[in-house]
Amino acid sequence: MRRRPPMEPKQKVKLFCFFFSCIFIALAVVATMHLRSILGSLAVTRVTNMVNQVVTEAVSEAVNSGEIQYHDLITLEKNDSGGVAALVSNMAEFNRLQSSITRDILQRLEAMSDIELTIPVGTLSGSAFLAGRGPALSVRTQSTGSCSARFVNEFSHAGINQTTHRILLCVDVSMSILLPGFRTGTEISNAFSVAETVIVGEVPGTYTYFDSGNATEEDAYEYAINNG
């Protein structure tokens with residue numbers, strides 16, 4: 001049986017380089033997969049927290065400044081006996097507030113478009129032992145978003161012969177996050193109680209509300225039906 005001739009030094013070097021390259025490529029693929037997963041989760045969490053803070057601050061400033069007042073939004077129409085017969089909403093004021101708050105939130109979102117994330121290199125290995133260890137890898141991300149605001153009405157029992165009418169401001173933000181080599185996104189929704197009053201007596205049988213999500217014809221039809 002013939003023996004295979006021993007490998008020359010150059011062949012050994014080439015073979016070693018080949019195996020080393022395969023190992024390096026495999027580690028690079030694993031690190032890239034972990035990097036995308038970790039970056040995506042970290043970016044979504046960071047952006048969500050920042051958006052919640054931005055929206056809360058914008059709505060709080062609008063409420064604290066007195067910009068949102070119940071009597072500016074809702075008119076209570078009373079009957080001959082003094083009871084509340086109808087609630088009529090001020091469509092122009094509702095639309096103005098929706099536009100103003102949406103514009104304010106979008107301006108604040110533009111200021112937080114660039115976010116820098118740091119990840120320890122050991123975390124990319126996927127090993128629990130190495131997680132959080134090693135030098136930090138900095139990655140800069142960009143985010144852009146859209147915002148919509150709408151008012152929702154809520155009636156709840158407040159006591160004997162009493163009903164609380166609460167106006168909620170619902171803010172929906174859609175964020176697109178650009179990361180090195182890929183992109184991700186998230187949806188953030190918040191609801192805030194911005195105005196309320198307690199109605200004494202029976203709940204009014206008529207309530208005219210102009211929802212910005214409805215067609216103008218539907219709003220006009222509802223108004224005509226309710227006001228005869």
Side-chain angles (χ1 to χ4, degrees), residues 31-70 72-74 89-121 123-124 126 131-132 136-154 156 164-196 209-214:
T32 301
M33 294 176 59
H34 282 286
L35 178 63
R36 294 187 60 171
S37 176
I38 294 171
L39 275 180
S41 299
L42 185 60
V44 167
T45 301
R46 182 74 62 82
V47 168
T48 299
N49 292 336
M50 296 180 68
V51 169
N52 285 332
Q53 182 179 355
V54 164
V55 173
T56 300
E57 290 178 352
V59 175
S60 296
E61 289 183 9
V63 173
N64 295 334
S65 66
E67 185 179 2
I68 304 177
Q69 296 290 337
Y70 183 88
D72 293 333
L73 299 173
I74 302 295
S89 63
N90 185 344
M91 182 181 67
E93 186 65 12
F94 271 113
N95 290 336
R96 185 192 70 81
L97 286 174
Q98 289 178 177
S99 176
S100 174
I101 293 174
T102 300
R103 182 171 58 252
D104 185 20
I105 293 175
L106 288 176
Q107 291 176 351
R108 294 169 184 260
L109 291 178
E110 290 180 359
M112 54 159 277
S113 60
D114 293 336
I115 303 174
E116 185 171 347
L117 304 176
T118 56
I119 302 176
V121 174
T123 304
L124 302 180
L137 176 65
S138 297
V139 178
R140 183 171 294 276
T141 70
Q142 289 184 333
S143 60
T144 182
S146 60
C147 172
S148 64
R150 69 186 190 280
F151 287 95
V152 176
N153 296 274
E154 181 181 85
S156 60
T164 298
H165 175 214
R166 184 175 294 107
I167 299 176
L168 304 178
L169 174 61
C170 298
V171 181
D172 300 317
V173 178
S174 177
M175 296 296 296
S176 178
I177 308 170
L178 304 179
L179 295 149
F182 70 104
R183 61 185 297 176
T184 185
T186 182
E187 305 282 340
I188 304 103
S189 298
N190 289 279
F192 305 89
S193 177
V194 295
E196 66 177 50
Y209 174 62
F210 293 94
D211 187 349
S212 60
N214 293 338

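The structure displayed is predicted, hence computed values, not measured ones. Position 1 is the first residue of the sequence, and the numbers go up from there.
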CA sep, side-chain torsions, deciding dist, call: Leu97, Leu169, side chain to side chain contact (heavy atoms under 4.5 Å, CB included)
CA-CA 10 Å; Leu97 286 174; Leu169 174 61; over 6 Å; no
Checking Asn52 against Asn190 for the side chain to side chain donor-acceptor pair (under 3.5 Å) test, could you report, in this order, the C-alpha distance in whole Å, the side-chain angles of both residues, the deciding distance, and whether it holds?
CA-CA 8 Å; Asn52 285 332; Asn190 289 279; 3.1 Å; yes
Evaluate side chain to side chain contact (heavy atoms under 4.5 Å, CB included) for Thr56 paired with Phe192, printing each intermediate quantity in order.
CA-CA 8 Å; Thr56 300; Phe192 305 89; 3.9 Å; yes
Take Val173 and Val55, measure what side chain to side chain contact (heavy atoms under 4.5 Å, CB included) needs, and give me the verdict at the end.
CA-CA 9 Å; Val173 178; Val55 173; 4.0 Å; yes
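One finds the CD atom of Glu196 at 4.5 Å from the CZ atom of Arg166 (value rounded to the nearest 0.5 Å). Here the straight-line distance linking atom CD of Glu93 with atom OG of Ser100 works out to 9.5 Å at 0.5 Å rounding. Within the model, atoms CD1 of Ile101 and CG of Leu106 stand 12.0 Å from one another, a figure rounded to the nearest 0.5 Å. From Ser143, atom OG reaches atom CG of Leu109 across 8.0 Å, with rounding to the nearest 0.5 Å. Between the CZ atom in Arg46 and the CG atom in Leu39 there is a gap of 11.0 Å [rounded to 0.5 Å].
A 4.5 Å side-chain heavy-atom check between Gln98 and Asn95 finds at least one atom pair inside the cut-off. At a threshold of 4.5 Å between non-hydrogen side-chain atoms, the residues Glu67 and Arg96 count as touching. The shortest side-chain heavy-atom distance between Ile167 and Leu73 falls under the 4.5 Å cut-off. Phe94 places a side-chain heavy atom less than 4.5 Å from the side chain of Ser89. For the pair Gln53 and Glu57, the minimum side-chain heavy-atom distance is below 4.5 Å. When side chains are defined from C-beta on, Asn153 does not count as touching Phe151, because their heavy atoms never get closer than 4.5 Å. Proximity of Arg150 to Asp172: side-chain heavy atoms (C-beta onward) are separated by under 4.5 Å at one or more points. In this structure, Cys147 and Val171 have side chains that are in contact, with non-hydrogen atoms separated by less than 4.5 Å.
Minimum interatomic distance between Ser148 and Thr102 (heavy atoms only, all atoms of both residues): C-OG1, 4.4 Å.
In this structure, the side chain of Thr48 engages the main chain of Val44 through a donor-acceptor pair within 3.5 Å. Looking at Ser65, its side chain does come within 3.5 Å of a backbone N or O of Ala62 through a donor-acceptor pair. A donor-acceptor distance shorter than 3.5 angstrom exists from the side chain of Asn64 to the backbone of Ser60, with no hydrogens or angles considered.
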Under 3.5 Å, which donor-acceptor pairs do the side chains of residues 175-186 form with other protein atoms, sequence neighbours left out?
| unit_1 | atom_1 | unit_2 | atom_2 | d |
| --- | --- | --- | --- | --- |
| Ser176 | OG | Arg183 | NH2 | 2.6 |

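Using modelled atom types, one finds a donor on one side chain and an acceptor on the other under 3.5 Å when comparing Ser174 with Glu187.
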